[in-house]
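Notes follow the structure.
Note that the coordinates shown come from a computational prediction; the quantities given were computed from them, not determined experimentally. Throughout, protein chains are lettered first and strands after them, A, B, ... in sequence-line order, and every chain is numbered starting at 1.
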Protein chains: 2
Amino acid sequence: MTQRRVTIKQVAAEAGVSITTVSHVLNDVPGKRVHPDTRVRVEDAARRLGYVPNSLAQSLRTQRSNTIGFVGDEIATTPFAGKIILGAQDVALARDAVVFVVSTGYQREVENREIEELLRRQVDGILYASMYHRPVELPPQLASVPTVLINATCTGSGVPWVVPDEVAGGEDAADVLLTAGHRRLAFINDVDEIPAAFGREEGFRRRAARAGLHDDDLRVVTAETDPAGGYAAARQLLAHADRPTGIFCFNDRLAMGVYRAAAELGLRIPEDLSIVGFDNQEIVAEGVHPGLTTIELPHYEMGAWATEQLFDQIEAGPGARPAAPARKLRGPVIHRASVAPPSRGHDPGERREPSDLARQRQA
Amino acid sequence: MTQRRVTIKQVAAEAGVSITTVSHVLNDVPGKRVHPDTRVRVEDAARRLGYVPNSLAQSLRTQRSNTIGFVGDEIATTPFAGKIILGAQDVALARDAVVFVVSTGYQREVENREIEELLRRQVDGILYASMYHRPVELPPQLASVPTVLINATCTGSGVPWVVPDEVAGGEDAADVLLTAGHRRLAFINDVDEIPAAFGREEGFRRRAARAGLHDDDLRVVTAETDPAGGYAAARQLLAHADRPTGIFCFNDRLAMGVYRAAAELGLRIPEDLSIVGFDNQEIVAEGVHPGLTTIELPHYEMGAWATEQLFDQIEAGPGARPAAPARKLRGPVIHRASVAPPSRGHDPGERREPSDLARQRQA
DNA sequence: TTGTAAGCGTTATCAG
DNA sequence: CTGATAACGCTTACAA
């Protein structure tokens with residue numbers, strides 16, 4: 001904003017018309033007819049001068065900034081934020097809007113500060129995103145601004161939200177293992193009591209039950225969601241003779257630890273042990289050997305959906321806030337090389353389960 | 001921006017003064033004295049009404065938007081973007097500014113579109129960032145806007161830039177290995193001919209030479225910078241009897257591959273083989289076992305420095321653009337468990353090199 | 001110490 | 001079909 005830019009006034013002068021006319025032609029005002037000749041004159045002038053309308057002035061006048069705010073809890077530590085933001089950005093840009101990004105670091109103090117800064121700038125709406133699926137408390141300042149929650153829910157607030165379909169994810173994971181023929185399964189779940197932990201376990205169990213698995217053929221243990229946690233849990237799980245032949249890990253990092261445990265135990269993946277992860281953190285899922293089959297989290301899609309939703313809300317105006325839409329998005333399973341049929345020694349002649357994956361992608 | 005917010009006019013009415021006075025007290029205009037009583041009256045009114053100044057109007061008037069744009073090439077695939085943005089955001093917020101984030105996906109088309117969108121919004125300046133250190137071509141539209149390059153250089157443009165100090169990184173890596181007592185070193189470099197590849201090799205060699213290493217005690221090979229590349233290179237490197245006892249890897253992902261090669265060869269890390277990586281991608285450097293000692297890339301710092309720089313440029317005005325400052329930032333070495341003295345079998349009684357790490361952090 | 005009024009760059013209403 | 005002109009919400013000479 002340092003050097004003065006070309007204004008509509010200069011274009012008008014150059015074209016020898018009034019600024020009104022310039023505005024008319026440049027905005028293609030419906031119902032306003034302008035002579036073809038003057039139209040080209042104006043367009044030429046604008047082009048020649050390199051005129052770019054000043055959004056600030058436009059927004060001031062139209063009460064619409066075509067700008068949205070993205071407030072995330074931690075943008076730097078996980079690779080997730082980028083995908084969500086990209087999804088948001090893509091749909092925003094399609095509407096000539098752009099997005100302010102701020103990161104709170106989980107500090108209420110700075111969150112308030114940042115939201116204030118966004119509001120001051122008259123953002124049309126706000127995307128409030130968590131980096132992991134959880135219930136959140138809505139900052140009070142957002143009560144009167146179009147808002148949608150990403151990876152977060154806030155009961156009673158009437159604010160739309162979108163989260164991953166955890167149950168479906170658990171089902172898909174079980175499905176992958178069952179389809180490969182496994183009949184002795186384990187799930188290393190997150191110790192933390194969060195929606196993802198509940199949902200994935202529910203889905204995993206449900207799908208296993210549907211396949212007729214006995215209770216004692218499905219073990220569920222909990223661990224810290226890092227490689228060390230996975231390692232410890234796997235050592236325990238794999239110590240017994242009737243060890244599981246397929247393990248579903250709460251996330252990919254944790255899965256790294258079970259890879260290590262398996263290696264130490266002389267268990268080959270996938271011949272002796274099949275593993276499925278969660279998150280599809282490319283850097284680990286692709287980096288590990290053999291590649292990790294895993295369930296992807298729909299970050300981009302959540303960002304995109306939320307933004308569509310936000311614009312709908314903005315366009316609907318402050319009037320009726322109809323039943324706030326909410327959505328669970330299912331992520332795809334990414335097949336790599338960590339799943340194979342169980343070796344004969346452990347699961348002789350088991351029949352394969354038919355795949356369930358043909359169900360439609362979105363819950 | 002949907003519902004009409006409180007304006008300065010309403011505050012004035014509520015306080016029973018003119019809008020001028022409100023402006024004066026709220027902005028603490030220097031040299032303007034206002035009666036203590038009216039000051040509190042105004043402040044009360046503002047608080048009561050929940051007044052928040054409209055930045056758009058302010059900007060229009062003051063020709064300063066307190067807004068900067070961040071254009072990155074890919075924001076979603078690497079975990080780096082988040083850190084750079086966070087650095088930028090932190091210093092921006094300290095100046096009551098906020099940042100628009102856009103990602104180009106390496107497509108000129110969308111880059112132009114996005115930059116236009118930013119300019120239209122009168123950003124005060126632009127941060128142009130690459131996710132890996134490289135020379136770039138400056139989009140022409142940025143020629144007349146305060147700009148600073150992050151992780152990128154553009155010779156002849158006169159635009160300030162900040163990049164990692166690759167040479168120092170290479171030196172530090174060598175230093176870690178030499179200090180541990182290693183005398184047979186290898187560097188698995190990136191096949192791509194990029195500044196990081198040149199710089200790190202230069203630094204690594206220089207430091208090794210300084211330690212008196214012979215040429216044949218330092219092998220340099222190239223590979224794709226992924227686990228597979230590292231694996232292949234390591235297999236080759238470790239096949240010989242006079243294998244290196246310490247390997248420096250161009251990056252952490254590649255290092256994952258050498259971990260695997262070592263495991264297959266029955267070489268223990270760090271007892272039989274020491275490894276140092278680059279990037280400090282926590283998820284792999286911490287996830288791998290034993291933890292990977294690595295050189296961190298100063299993403300946050302680059303983002304922060306660039307933003308300081310940008311504000312300086314903005315405040316200096318469009319007048320003199322003095323010798324554009326440029327900076328190489330050295331990243332810290334993150335010590336974990338992948339480096340130890342070479343085992344006796346291979347390097348009997350070698351003396352330890354004194355550490356070089358005490359040198360100041362910034363080049 | 002406080003207020004009037006101009007103007008930042010647009011859009012929109014209403015006359016010509 | 002085209003053009004004055006009044007907002008939009010704010011800062012800032014300049015007056016009172």
Side-chain angles (χ1 to χ4, degrees), chain A residues 1-43 45-46 49-67 96 119-122 124, chain B residues 1-43 45-46 49-67 96 119-122 124:
Chain A
M1 215 160 155
T2 307
Q3 50 261 304
R4 222 30 149 271
R5 290 207 246 276
V6 183
T7 78
I8 199 177
K9 212 178 279 185
Q10 301 174 44
V11 177
E14 175 86 6
V17 299
S18 74
I19 63 170
T20 306
T21 304
V22 176
S23 178
H24 284 346
V25 354
L26 263 27
N27 294 341
D28 258 328
V29 197
K32 282 299 187 191
R33 314 205 57 90
V34 11
H35 192 91
D37 288 2
T38 66
R39 150 157 274 129
V40 308
R41 233 168 350 120
V42 169
E43 281 165 346
L49 266 36
Y51 171 67
V52 175
N54 181 329
S55 284
L56 264 32
Q58 289 181 146
S59 302
L60 190 58
R61 185 59 237 247
T62 61
Q63 303 291 0
R64 183 80 138 71
S65 67
N66 287 308
T67 269
D96 301 311
L119 260 22
R120 213 193 203 48
R121 277 168 181 83
Q122 315 297 115
D124 292 331
Chain B
M1 214 162 157
T2 307
Q3 50 262 303
R4 220 33 147 270
R5 292 208 245 276
V6 183
T7 78
I8 198 178
K9 211 178 282 183
Q10 301 175 44
V11 177
E14 174 87 5
V17 299
S18 75
I19 64 170
T20 305
T21 303
V22 175
S23 178
H24 284 345
V25 354
L26 262 28
N27 294 340
D28 258 328
V29 196
K32 281 300 186 193
R33 316 204 55 92
V34 12
H35 191 93
D37 289 0
T38 67
R39 149 158 276 128
V40 308
R41 227 158 7 108
V42 169
E43 282 166 345
L49 266 36
Y51 172 66
V52 175
N54 181 330
S55 284
L56 264 32
Q58 290 181 144
S59 302
L60 191 57
R61 183 60 238 251
T62 61
Q63 302 292 355
R64 184 82 137 67
S65 68
N66 287 308
T67 269
D96 301 313
L119 260 22
R120 209 193 207 48
R121 276 165 182 86
Q122 315 296 115
D124 293 330

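- The minimum heavy-atom distance between B/Ala45 and B/Val11, with the atom names listed, is CB-O, 3.9 Å.
- What separates CD of B/Gln122 from P of C/dG9 is a distance of 9 Å, to the nearest Å.
- Residues A/Val17 and A/Val22 approach most closely at CG2-CG2, 3.7 Å, considering heavy atoms.
- B/Asn54 has no side-chain polar atom (N or O) that falls below the 4.0 Å cut-off from OP1 or OP2 of D/dC8.
- Across every non-hydrogen atom of B/Leu26 and B/Tyr51, the tightest pair is CD2-CE2, 3.6 Å.
- The stretch residues 13-22 of chain B touches DNA chain C through B/Val17, B/Ser18, B/Thr20, B/Thr21, each having a heavy atom within less than 4.0 Å of the strand.
- Counting only residues at least two apart or in different chains, salt bridge (Lys or Arg N to Asp or Glu O under 4.0 Å) contacts with residues 10-20 of chain B comprise B/Glu14-B/Arg48.
- From one end of the helix from C/dT1-D/dA16 to C/dG16-D/dC1 to the other, with five pairs defining each end axis, the axis direction shifts by 50° (rounded to 10°).
- Contact between A/Leu56 and B/Arg121 at its shortest, heavy atoms only, is CD1-O, 3.7 Å.
- The stretch residues 31-40 of chain A comes close to DNA chain D through A/Lys32, A/Arg33, A/Val34, A/His35, A/Thr38, each having a heavy atom under 4.0 Å from the strand.
- In plain terms, the two heavy atoms of A/Ala15 and A/Val42 that are nearest each other are CB-CA, 3.9 Å.
- Between the CG atom of A/Asp28 and the C1' atom of C/dA12 there is a distance of 16 Å, given to the nearest Å.
- Judged as a side-chain hydrogen bond (donor to acceptor under 3.5 Å, both in side chains), and not counting sequence neighbours, the contacts of A/Thr21 are A/Ser18.
- Sorted by first and then second residue, the salt bridge (Lys or Arg N to Asp or Glu O under 4.0 Å) pairs involving residues 24-39 of chain A (not counting sequence neighbours) are A/Asp28-A/Arg39, A/Arg39-A/Glu43.
- When each of D/dC10, C/dC8, D/dT12 is scored by its nearest atom to the side-chain atoms of B/Ala57, the top-ranked nucleotide is D/dC10.
- For the pair A/Arg5 (side chain) and B/Leu119 (backbone), a donor-acceptor distance under 3.5 Å is present.
- Taking 4.0 angstrom as the limit, B/Gln63 places a side-chain polar atom (N or O) nearer than this to OP1 or OP2 of C/dG9.
- A close approach under 4.0 Å does occur between a side-chain nitrogen or oxygen of B/Ser23 and OP1 or OP2 of D/dT11.
- Out of C/dG3, C/dT11, D/dG9, the shortest distance to the side chain of B/His24 is found at C/dG3.
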